Amino acid sequence: MIKKLAVAGTAVLALTLSACGGGDTGGTPGEGATGGTLTLSISQDMKSWDLAEAGLGHSEQYYQPVFDPLLRLDQQGEVKENLATSWTYDPALTTLTLKLRTDVKFSDGSALDSTAVKTSLLHAKAGTGESAAKLKSIDDVQAPDPSTAVVKLTAPDPGLLRNFANVPGMIASSTALTAASGPVGSGPYKLDASASTAGTEYVFVGNPDYWNKKDFPFDTIVMKTLDDPTAETNALLAGQVDGASITPDRIPALEGGGLDITKFYSGIVEGLYIWDRAGKITPALADVRVRQALNYAFDTKAIVKVAKKGLGETTTQHFAPDSEAFSADLDKKYGYDPAKAKALLAEAGYAGGFDVVMPDISTLFPEAQAAMVEQLGAVGVRVQLDKIPFSQFMPSLLQGKYALSYFKTGSTDPWNVIQLLVKEKATWNPLGYKDDHALDLVNRISLATGEEQDKLYKELNEYMVDQAWDAPWNFVQDVYASSKRVQVTTQPYSMLPPIYNFKPAS
Amino acid sequence: MGTDMTNLELPAGTSGDGGGNPLLRVDNIRVEYPSKKWRRAGFVALDGVSLDVQAGETVGIVGESGSGKTTLGRAVLGLAPVTGGSIVYDGREISSMRRSERRSLSDEIQVVFQDPYTSLNPALTVLDILSEPLLMSGTGRAAAEKRVRDLLDQVYLPSDAAQRLPREFSGGQRQRIAIARALCRDPRLIVCDEPVSALDLSNQSRVLDLFIEIQERTGVAYLFVTHDLSVVRYISHRVAVMYKGGIVETGDAAVVTAHPVEAYTRRLLLAAPVPDPQRQAVRRAARKQFDAAQREATRIGA
Amino acid sequence: MVSFLLRRLLAGITLVLLVASATFVMLNFTGADIARNIVGETATPEQAWAKATELGLDEPLALRYIEWLGATLTGDLGKSWFTTVPVGTTLQTALPVTLSIILGALIISALVSVVLGSLAAVRAGWFDKTVQFSAVLADAVPGFLVALALALVIAVNFGWLPATGYVPYQRSVVEWLRSITLPSIALAFGAIAATTLQLRGSMFDVLQRDYVRTLRSRGLTENSIVFKHALRNAAPPALTVLSLQFIGLVGGAVIVEKVFGLRGIGSLATAAAVQGDAPVVLGVVIVMVLLVVAVNLVADLAYGWLNPKVRAE
Amino acid sequence: MSVPPTDGLVVVPSAPVRRRHLMVRLLHDPVAVAALVILALLAAASVLAPVLTSHDPIRSSLFDTLAPMGPDHPLGADGVGRDVWAQLLYGARTSLAAALVAVAVAFAVGIPAGLLGGYYRGKADAILSWASNFMMAVPAIIVLLVVMAAVSQSTYVAMAVLGLIISPSVYRLIRASVVSVREELYVDAARVSGLTDGRIMRRHILPVVQAPSIIQAAQIFGVAISIQAGLAFLGLGSPSETSWGAMLNDAFANIYTAPMLLLWPALAICLTTTSLALLANALRDALGGKKVRQKSSVQRPKTSVRPARGAKSAKPAVRNLGAELLRVDNLKVTYPVDGGTRTVVDGVSLVVERGKVLGLVGESGSGKSQTAFSLLGLLPPEAGMQADGIRFDGDELGGLGRGAMNRFRGKRIAYIPQEPMSNLDPSFTVGSQLVEPVRQHLRISARAAKAKVLSLLERVGITEPGRVFDSYPHQISGGMAQRVLIAGAVSCDPDLLIADEPTTALDVTVQAEILDLIRSLQDERNMGVILVTHDFGVVADICDRVTVMRSGKLVETADVAELFANPQADYTRMLLASTLEDAKPRTALKGPAVGRRDRTA
């Protein structure tokens with residue numbers, strides 16, 4: 001009896017172990033320039049194949065195989081042609097005329113023409129997804145002829161072109177706008193629904209009719225959703241995936257495990273965000289000297305070194321180094337100077353400091369919270385932590401419950417930053433702070449182009465730093481780990497390398 | 001199976017104290033255990049059983065397993081659900097008493113169970129076991145301890161036994177402790193449920209002698225339940241033979257255990273082996289003859 | 001038999017409804033602006049309000065409860081608030097993952113505990129002591145540590161088995177076995193301990209029984225006595241323990257799935273609970289309780305099969 | 001009665017055995033002591049946390065992030081620069097206190113419910129049992145997930161909920177204990193003594209429940225600690241509460257950077273849960289009393305047979321008889337007791353003749369059953385057995401291994417046990433239990449074996465052999481079961497039948513029939529029989545020769561007629577005198593028996 005069991009057990013074990021190596025789904029090293037499978041891990045599941053509900057950031061990669069965007073960014077972040085071969089604005093900057101390729105078909109066989117672009121963009125614009133939010137400036141899309149699409153804007157949108165190079169610019173077939181039975185696009189790959197498991201693994205097989213196959217050398221792309229960082233690290237180390245965005249603390253282990261590490265900036269700025277510049281909740285914050293004092297209070301270099309494991313670039317501004325608005329000199333504006341901070345507070349009448357309430361974020365960002373509480377406390381700002389479930393973190397910020405808090409957001413695109421932070425109705429202006437000078441600058445930026453626009457961007461940036469709009473710490477450095485089987489190039493404006501930046505290692 | 005004799009002995013309306021009024025009168029009782037299953041008929045353990053016990057008398061209840069003899073004892077003790085008939089003790093109806101009323105009877109009716117191993121709480125000392133009922137009834141601690149020594153003396157256990165745990169005693173000794181507990185509040189009736197069945201032969205007779213001695217000294221009455229005809233003959237004044245929840249025959253011990261009338265009682269008697277090879281051979285032959293006759297009778301009857 | 005099944009089924013459904021209802025009420029405790037979470041941070045308050053109205057979140061709790069109950073009773077579990085994928089579909093993809101590792105764990109624990117438990121009861125001595133001690137330890141060590149150790153050593157370090165992911169058996173049975181081996185072992189750890197101890201104990205008791213002595217007196221072989229007669233009699237209590245373990249395994253799956261990056265019911269539950277995705281949470285709760293009910297029923301039937309006395313009733 | 005009474009009216013142990021309290025017994029178990037010490041240290045550490053560290057466990061110092069072990073941070077600092085040692089100490093507070101909450105809630109709900117349900121039964125019990133079955137089916141982790149995500153992140157709240165979910169296990173335990181105690185005769189006796197329910201609970205029921213409750217509490221405590229850690233691992237839990245679980249969570253984030261961080265909380269958790277589990281185990285052992293058995297249950301007892309010293313010259317201990325079937329010389333059976341051995345059979349010699357019945361008579365503790373078992377090789381493994389010789393029909397049985405013994409057992413030497421119901425395997429049909437040895441010994445087909453068994457069943461007086469063949473043991477009566485066992489014993493036509501009190505558990509009318517059956521089978525097959533009994537009536541009925549035993553020693557052996565007529569030993573005389581058969585019946589009570597229609601002698 002026991003013998004029989006033991007034999008059976010050994011057999012099963014042998015069976016499972018003998019298949020060892022067969023589980024390797026990655027591309028075989030040494031293979032030529034094309035073919036093989038690229039397996040990527042993404043830390044969050046996708047929300048929906050419906051572009052109206054599509055997310056951005058870490059979700060972008062999911063959409064790239066199936067959908068082709070109107071434009072594309074090159075590795076320097078410059079806008080290049082893709083589905084649209086040319087693009088021109090009218091002088092008022094509210095009409096954008098796009099010339100489309102004429103040889104593109106959706107995978108359902110229908111033609112990708114201006115009507116399809118119109119239908120898809122207007123559908124996506126009506127949605128509530130992150131991506132849809134980037135299309136809000138669109139008033140209408142016209143299709144004067146099959147190869148010409150005219151986008152009418154309610155107001156100038158300097159960020160639109162870059163957005164058209166990302167998920168917002170992706171075009172879905174009119175027959176499958178909501179993607180109820182799977183996504184239908186014109187991209188380099190098609191979703192193999194039978195091999196995919198929603199929420200776990202998406203398998204994409206090459207689209208034989210794609211017009212630009214040379215940029216997409218892999219036969220198959222597999223995207224795995226691995227939301228646990230340790231599981232993701234294990235998968236990278238075990239060679240189960242070829243690439244994944246990772247947290248800085250995993251670098252030594254992954255480097256030790258023979259993976260390539262790429263570091264890059266995606267324009268995210270983290271630090272203390274001051275929501276209540278009008279002093280509605282915490283009156284002290286209405287005083288610019290107090291806000292400046294907060295900027296002096298943080299030893300941002302130490303924070304980056306310790307809490308961020310050296311991954312990050314200290315800054316005082318919201319605009320990324322790659323962007324037109326960036327100004328290196330501004331970063332010298334505030335340094336770590338607690339004495340000065342105290343002096344400024346005293347000057348503003350808060351010699352004894354003041355109390356603030358912040359949401360407790362130690363489960364999500366423990367290091368950040370530690371730094372914040374410690375260094376604010378050192379200059380007399382007494383932080384009270386409000387315990388809330390972490391699912392309530394974002395909503396409570398959006399509701400304007402807190403005068404200030406740790407936060408990170410941003411974009412390499414300066415207009416996106418303005419949309420995010422500066423406008424009166426901006427998402428991350430929850431208390432509706434209104435600064436007439438800043439808004440005037442924003443308005444002028446939207447109406448300007450070229451160098452004039454760049455100058456205005458810089459002016460806005462400088463004004464915001466002077467005003468101590470927030471107390472930024474650093475640009476967040478993102479880390480991408482990839483196996484030796486592939487070559488990866490990161491690029492500005494993308495949180496994850498776009499799939500056309502992956503090549504088999506030669 | 002013979003005539004219905006369950007109602008044999010009801011002295012209707014007997015009166016006068018010390019005369020016809022028995023200490024205990026069980027009248028046509030029925031005990032039915034409710035079924036565990038919903039809306040299923042319960043198990044009838046006793047039906048239409050009547051009997052009385054006079055003061056100072058031993059009434060033996062004899063029967064085989066499942067005859068209901070133990071249930072009868074438990075019904076008198078209030079430990080079985082009496083669903084019909086009455087049990088009158090000293091003029092008081094006790095079968096339908098509430099728990100709290102019943103407690104007052106603990107001075108009067110006591111019990112000695114069959115198994116001396118489980119009838120004593122293994123965690124308590126003999127002193128605790130014996131003094132518990134006394135303390136309950138308001139006796140002082142010192143008085144209780146004195147009474148316990150006295151009781152141990154009565155059952156021929158040394159007084160230092162009080163400090164020990166039941167497991168330190170043999171079966172016979174434990175049964176003495178159980179008897180002492182039954183005696184501690186001077187009851188007038190003790191229900192004895194197979195008190196010697198678990199004991200060795202030599203202990204059995206000694207414990208029975210102790211029972212008799214106590215009865216003669218204190219005038220306590222016994223309702224003595226056993227399966228053993230020889231035991232019942234040894235200790236009882238009168239005997240009731242039970243079979244399948246009813247009484248089939250009653251009478252003086254000497255008569256019923258030697259010259260039974262009822263077929264069942266006769267079978268019981270003939271089946272019990274005599275410790276004497278010659279007499280047993282005779283009895284065996286008699287039994288075989290009787291069984292053959294019985295079989296013949298049922299065959300004809302059928 | 002039929003009435004027994006019907007009664008159990010009815011009790012099971014009542015249980016499912018009770019637990020799900022309690023969960024429903026609890027989920028509505030938060031008062032969180034769930035609609036805002038759903039539409040995302042960039043949406044306008046109007047969009048959030050529209051979402052709330054769309055989901056019926058503006059209706060009174062009682063009304064929503066009745067609506068939910070009605071839908072659930074007709075088998076409609078609704079759609080995820082966040083992904084709008086029907087909950088049924090999500091569960092369909094998640095369930096095989098969890099079931100695979102739980103069944104794997106059950107089979108492993110049953111086999112290992114029969115072997116270890118029987119041998120410990122029969123062999124005694126140091127072997128028995130070792131088994132007992134290891135079982136106590138195995139029971140005491142939190143499951144995720146075991147899972148983590150297995151993942152790091154077997155998968156990452158030696159690369160013998162995959163570290164993450166689940167391969168459906170329809171795609172490749174061998175790959176499926178490989179993908180569930182480590183999670184199943186990790187999950188089985190505690191169950192093995194408890195079941196082994198129980199089996200050892202009951203086996204030991206059975207071997208002391210009179211009928212075992214009588215069977216020996218008939219000259220039966222020791223194998224027949226231990227593995228036929230004793231095991232059969234010792235099995236029912238061990239089976240009860242195993243079926244109780246199942247509930248624990250359902251909980252353990254939540255953790256093991258996280259370590260091995262599996263998208264099963266457990267990780268679904270965690271994600272949905274944290275997000276506040278009520279339809280998904282409710283769907284998971286219903287499925288899990290149904291599973292427990294089903295397993296208990298199977299255990300009862302097996303118990304009856306093993307124990308003729310129970311079968312008669 | 002010149003023989004000293006065995007019921008020793010004065011033979012009470014001279015000094016009261018010291019009552020060893022549970023705690024005292026526990027303290028003799030090194031494992032329990034170690035577990036207790038560890039738990040005590042952990043508790044002390046958590047209480048004394050402020051003394052043992054000057055660090056604030058919540059206060060993080062950015063520049064100490066992942067600080068190594070050193071004078072300032074004895075165990076280093078975690079990923080956000082909190083002192084690990086301080087966290088460990090203060091974390092013990094949260095973890096232990098929260099686990100206590102779980103235990104407290106579980107017991108606060110479980111104990112009253114268990115007492116209520118178990119003692120009063122009835123409706124309350126039905127409802128409570130129903131509710132507990134419900135609760136048992138609830139997957140705790142899922143509920144806790146929902147509670148922590150939706151209601152409160154506090155570990156204490158989660159643990160209170162866990163306590164509630166886990167309370168059915170307490171309820172079941174308490175209820176089961178109460179039910180079993182309630183069935184105890186001493187509780188009946190207490191009720192008859194007039195004790196109130198409250199007092200019975202306090203005095204007789206609660207003490208019994210106490211010990212298993214402590215075990216259960218230890219287990220729940222361990223479970224609670226584990227579940228806390230699991231929840232923290234899933235990332236649930238209040239950020240501002242220092243707990244081992246929260247430490248683990250932080251450690252997981254840094255597992256590839258500072259794996260040591262995982263060690264400390266994992267160690268603390270494992271130490272606590274293991275200590276609790278071992279303590280529970282030790283408690284159970286202490287309660288169950290010391291298990292006699294340490295050795296295997298299937299190894300053969302140590303047996304040895306001394307070679308017959310000079311086969312012819314040595315004077316046999318038993319006189320030789322014509323058709324000798326079994327001869328046992330100087331049998332000795334011992335059991336190990338604390339620091340020595342106890343001899344339960346001491347120098348017993350006996351002879352069984354073919355076709356004759358030898359009665360083995362004695363009171364409990366006389367060693368008669370041990371003698372019977374030793375002949376069958378059925379002594380428990382710890383027993384030791386010696387004999388100068390056990391010769392069975394020309395073969396020496398002493399010292400045979402299990403396999404060799406199985407050539408005789410069941411086939412040539414058969415056994416009829418005392419208690420019919422407990423000697424049939426309840427899980428197999430009567431038929432299959434009888435067929436198995438028949439097939440094994442006689443090597444015949446299943447069909448032939450079944451036919452043989454059916455005819456045997458008919459032979460032993462079972463009227464519906466087919467039905468009984470297919471029945472399970474619980475479906476037949478005790479008398480029928482004994483017939484089945486007899487059929488099993490004679491199924492392979494043995495030469496020797498060893499019957500151990502075969503009628504003691506039966507009603508007297510059934511006993512007579514079974515004795516008839518044994519007698520006729522013995523007669524028909526010319527078997528030798530050893531009949532172990534305490535009943536001289538049975539001896540008189542069936543035996544040819546009688547051996548009287550007392551305290552493991554042989555008292556006398558004689559032909560049955562001679563023994564009854566002329567017992568030699570005082571002890572035999574005392575036993576015979578104790579039989580009540582011929583005692584004078586008590587006469588009817590004088591006086592009040594008026595008006596009764598009894599037949600008076």
Side-chain angles (χ1 to χ4, degrees), chain C residues 15 18-19 23 26-27 29-30 121-125 132 136-137 139-145 204 207-211 213-222 224 226 229 232-233 244 247 250-252 254-255 258 269-270 273-274 276 281 284-285 288-289 292-293 296 306-309 312, chain D residues 134 136-143 145-151 222 226 229-230 233-236 266 269-270 273-274 276-278 281 293-298 376 378 402 405-411 414-415 417 419 422-428 433 436-437 440-441 472 474-475 485 488:
Chain C
L15 173 63
L18 274 181
V19 175
T23 314
M26 249 191 311
L27 284 171
F29 241 94
T30 42
V122 171
R123 288 267 157 82
Q132 281 196 65
V136 170
L137 285 188
D139 212 14
V141 174
F144 55 87
L145 286 179
F204 188 78
L207 285 171
Q208 315 281 314
R209 293 283 165 80
D210 288 352
Y211 60 80
R213 186 168 58 207
T214 300
L215 290 170
R216 287 220 166 91
S217 82
R218 303 245 174 92
L220 292 187
T221 60
E222 203 58 29
S224 167
V226 173
H229 293 277
R232 174 73 172 269
N233 283 289
L244 280 177
I247 301 168
V250 170
V254 178
I255 284 161
K258 181 178 157 85
T270 320
V274 170
V281 172
V284 168
V285 166
M288 288 216 168
V289 180
V292 170
V293 168
N296 282 347
L306 283 170
N307 190 338
K309 248 186 212 172
Chain D
F134 261 32
M136 301 269 287
V138 174
I141 286 253
I142 304 295
V143 174
L145 270 178
V146 174
V147 168
M148 291 193 87
V151 183
S226 284
F233 175 70
L234 292 175
L236 299 150
I269 289 170
C270 289
T273 50
T274 313
L276 286 164
L278 291 175
N281 233 27
R293 162 209 183 257
Q294 282 304 326
K295 280 172 288 166
S296 153
S297 57
V298 289
L376 285 155
L378 290 179
R402 198 193 305 144
M405 195 63 197
N406 276 350
R407 284 193 291 119
F408 295 95
R409 269 201 304 227
K411 191 173 181 189
Y415 165 68
E419 176 68 55
S422 70
N423 275 286
L424 286 168
D425 185 338
S427 298
F428 290 85
Q433 296 185 51
E436 193 181 349
Q440 187 187 317
H441 289 303
Y472 284 95
H474 71 270
Q475 292 166 321
L485 284 162

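A note on names: the letters A, B, ... follow the listed sequences, proteins ahead of strands, and every chain is numbered from 1. Here the structure is a predicted model, which means the values were calculated and not measured.
By number of non-hydrogen pairs under 4.5 angstrom with chain D, the leading residue of C:Asn233, C:Val250, C:Val19, C:Val293 is C:Asn233. If you tally non-hydrogen atom pairs under 4.5 Å between each of D:Ser422, D:Gly488, D:Ser226, D:Ala277 and chain C, the highest count goes to D:Ser422. Counting heavy-atom pairs closer than 4.5 Å to chain C, the top residue among D:Leu234, D:Val146, D:Leu424, D:Leu485 is D:Leu234. Among C:Ile247, C:Val281, C:Val289, the residue with the largest count of heavy-atom pairs under 4.5 Å with chain D is C:Ile247. For chain C, the option among D:Val143, D:Val147, D:Asn406, D:Thr274 with the highest count of heavy-atom pairs below 4.5 Å is D:Asn406.
Contact of D:Pro417 with chain C is made through the side chain alone, with heavy-atom distances under 4.5 Å. C:Leu15 touches chain D through backbone and side chain together, each having a heavy atom under 4.5 Å away. Only the side chain of D:Ile269 has a heavy atom closer than 4.5 Å to any heavy atom of chain C. D:Leu278 touches chain C through backbone and side chain together, each having a heavy atom under 4.5 Å away. Residue D:Leu276: no heavy atom, backbone or side chain, is found under 4.5 Å from chain C. Both the backbone and the side chain of D:Glu436 come within less than 4.5 Å of a heavy atom in chain C.
A side-chain contact (heavy atoms from CB on, under 4.5 Å) with D:Leu145 is found for exactly one of C:Val284, C:Val254, C:Val285, namely C:Val254.
What you find for C:Ala269 and D:Ile142 is that their closest heavy atoms are CB-CD1, 4.0 Å. Across all non-hydrogen atoms, the minimal contact from D:Gln440 to C:Gly219 is NE2-O, 2.9 Å. Closest non-hydrogen pair, D:Leu378 versus C:Ser217, comes out as CD1-CB, 3.6 Å. Across all non-hydrogen atoms, the minimal contact from D:Cys270 to C:Leu145 is SG-CD1, 3.9 Å.
Judged as a side-chain hydrogen bond (donor to acceptor under 3.5 Å, both in side chains), and not counting sequence neighbours, D:Thr273 has no contacts. Under the salt bridge (charged side-chain N to carboxylate O under 4.0 Å, His left out) criterion, C:Arg213 pairs with C:Asp210, sequence neighbours left out.
Here the side chain of D:His441 pairs a donor or acceptor atom with the backbone of C:Arg218 at under 3.5 angstrom.
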